[in-house]
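Inspection log for the structure reproduced underneath, given as structure tokens.
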Amino acid sequence: MSGLHAVFRRLEGRFGPQQWWPAETPFEVIIGAILTQNTAWTNVEQAIANLRAADVLTPAALVRRSPEELEQLIRPAGFFRQKAARLHHVATVLVDGYGGDVAALCAGPLDAARARLLALPGIGPETADSILLYAAHRPSFVVDAYTRRIFTRLGLLTGSERYEAIRDRFMAELPADVPLFNEYHALIVTLAKVCCRKRRPDCPACPLATDCRFARENRQKP
DNA sequence: ATCCGGAGGC
DNA sequence: GCCTCGGGAT
């Protein structure tokens, strides 16, 4: 099981369809992608609930709020000062340059759209790819800390590869398929939470354990 | 009390 | 490469 697609099939067989970010608007996906930076998703949920209660889930509504008000609403997600500024800026760009339309911001050749997102303050590689994939439904593979940890433990990465190198490898080895990329990243997150935790990993419960270097080395250790 | 973990500025 | 931003989880 050395192929990335074989890993996907194994995860799918264990965890089934994840159906990520199914019912949200594209702009809500952008909000979530920024709020979840360096933060657990559970913290983000309360922040989004606050934004929803305050009716601030569209670019037009968000640009009208003061930085201070946004900061208070998203406080549960942490890093609230920089994240409030990032949200306000991307909302401003959407309203002023793209008619408030996320699809327009993410249109054109994939590399060009990605570069456009990366040029925005507070949008780095992972956030850009999350927006492209989950908001704009474009085939850009999302790499995160869980991806790096899981595939390093498996023995398929060294752990020191740069973000782009990991993304390039997934995109070279897998077909450019939006549902596949969507599901694969979601399954990686699930595995990282259920088995492949940083602390107290549960290798006996892991569907990949039979082919994992880390699981073999950890056998019969506490 | 420590861990978790993106982006940017240096 | 190292540091800061900040909460919630453990």
Side-chain angles (χ1 to χ4, degrees), chain A residues 20-21 27-54 56 66-94 105-106 113-136 140-154 157-168 170 181 184-203 205-206 214 218 222:
Chain A
W20 255 36
W21 275 328
F27 185 65
E28 288 179 51
V29 175
I30 291 183
I31 292 177
I34 288 173
L35 290 182
T36 200
Q37 289 169 357
N38 224 56
T39 304
W41 186 254
T42 52
N43 305 353
V44 176
E45 286 176 332
Q46 182 58 52
I48 291 183
N50 291 346
L51 292 172
R52 177 167 280 115
V56 196
S66 68
E68 292 75 19
E69 187 178 1
L70 287 176
E71 288 171 10
Q72 292 318 305
L73 291 170
I74 68 171
R75 199 179 187 95
F79 300 89
F80 53 86
R81 274 201 191 93
Q82 58 190 35
K83 287 176 180 176
R86 289 169 182 183
L87 288 177
H88 194 273
H89 187 264
V90 68
T92 300
V93 168
L94 275 165
L105 173 66
C106 298
R114 190 169 190 268
R116 206 175 300 134
L117 291 171
L118 289 173
L120 300 177
I123 298 190
E126 182 183 342
T127 307
D129 291 328
S130 295
I131 291 169
L132 288 167
L133 182 61
Y134 289 103
S140 201
F141 199 89
V142 177
V143 176
D144 64 354
Y146 299 151
T147 311
R148 183 175 263 105
R149 178 164 76 234
I150 288 168
F151 287 88
T152 300
R153 284 178 174 175
L154 281 173
L157 292 176
T158 69
S160 60
E161 291 91 348
R162 298 187 17 85
Y163 182 100
E164 306 290 343
I166 299 174
R167 174 176 179 268
D168 288 350
F170 275 84
F181 286 8
Y184 206 158
H185 182 247
L187 286 165
I188 285 169
V189 173
T190 295
L191 182 73
K193 289 180 172 173
V194 174
C195 305
C196 202
R197 297 180 290 257
K198 181 144 191 177
R199 284 185 297 177
R200 300 186 301 108
D202 189 1
C203 296
C206 180
F214 182 83
N218 262 12

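Residue numbers start from 1 in every chain, and the chains themselves are labelled A, B, ... in the order their sequence lines are given, proteins ahead of strands.
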Rounded distance in Å - CD (Glu164(A)) to C1' (dG6(B)): 14 Å
- prompt: Expressed in angstrom and rounded to an integer, what is the separation of Ile34(A) atom CD1 from dA7(B) atom P?
  reply: 10 Å
message: What is the separation between atom CG on Leu35(A) and atom C1' on dG8(C), rounded to the nearest whole Å?
response: 14 Å
field: Check: Phe170(A) ring centroid to Phe181(A) ring centroid under 6.0 Å
entry: no
message: Considering every strand and a 4.0 Å limit on heavy-atom distances, what is the contact class for Arg197(A): base, sugar-phosphate, or nothing?
response: nothing
- request: Could you check which of dT10(C), dG8(C), dG6(B) has an atom nearest any side-chain atom of Asn43(A)?
  value: dG8(C)
query: Judged by atom type as modelled, is there a donor-acceptor pair below 3.5 Å linking the side chain of Thr147(A) to the main-chain atoms of Asp144(A)?
result: yes
task: Could you list all the salt bridge (charged side-chain N to carboxylate O under 4.0 Å, His left out) pairs where at least one residue sits in residues 114-124 of chain A, not counting sequence neighbours?
output: Arg114(A)-Asp129(A), Arg114(A)-Glu164(A)
query: Within the structure shown, what part of the strands sits under 4.0 Å from Ala40(A) by heavy-atom distance: base, sugar-phosphate, or nothing?
result: nothing
- request: To the nearest Å, give me how far apart CZ (Arg162(A)) and C1' (dG6(B)) are.
  value: 14 Å
- request: Starting at atom NZ of Lys83(A), determine the distance to atom C1' of dG8(C), rounded to an integer number of angstrom.
  value: 11 Å
field: Leu118(A) CG to dA7(B) P, straight-line distance once rounded to whole Å
entry: 9 Å
- request: Please work out which residues in residues 120-131 of chain A have a non-hydrogen atom less than 4.0 Å from an atom of DNA chain C and list them by number.
  value: none
- prompt: What is the nucleic acid contact for Tyr146(A), judged by heavy atoms within less than 4.0 Å: base, sugar-phosphate only, or nothing?
  reply: sugar-phosphate
query: Within this structure, what is the CZ-to-P distance between Arg86(A) and dG6(B), rounded to whole angstrom?
result: 12 Å
task: Using the test salt bridge (charged side-chain N to carboxylate O under 4.0 Å, His left out), find all partners of Glu71(A) that sit at least two apart in sequence or belong to another chain.
output: none
Nearest-Å distance for atom pair CZ/P, residues Phe79(A) and dG8(B): 13 Å
task: Using the side chain to side chain contact (heavy atoms under 4.5 Å, CB included) rule, take Arg86(A) and Gln37(A) through it: C-alpha gap first, then chi angles, then the decisive distance, then the call.
output: CA-CA 11 Å; Arg86(A) 289 169 182 183; Gln37(A) 289 169 357; 2.7 Å; yes
statement: Regarding the side chain of Arg199(A), the nearest nucleotide among dG8(C), dC5(C), dT10(C) is dT10(C)
query: Can you check side chain to side chain contact (heavy atoms under 4.5 Å, CB included) on Leu87(A) and Ile31(A), steps first, answer last?
result: CA-CA 7 Å; Leu87(A) 288 177; Ile31(A) 292 177; 4.1 Å; yes
- prompt: According to a strict under-4.0 Å criterion, is Arg81(A) in side-chain N/O contact with OP1 or OP2 of dC5(C)?
  reply: no
Close side-chain approach of Arg75(A) and Asn50(A), heavy atoms under 4.5 Å: no
query: Starting at the 5' end of DNA chain C, which residue's closest nucleotide do you reach first, Gly78(A) or Arg200(A)?
result: Gly78(A)
message: What's the closest nucleotide to the side chain of Gln82(A) if the choices are dA7(B), dG7(C), dC5(C)?
response: dC5(C)
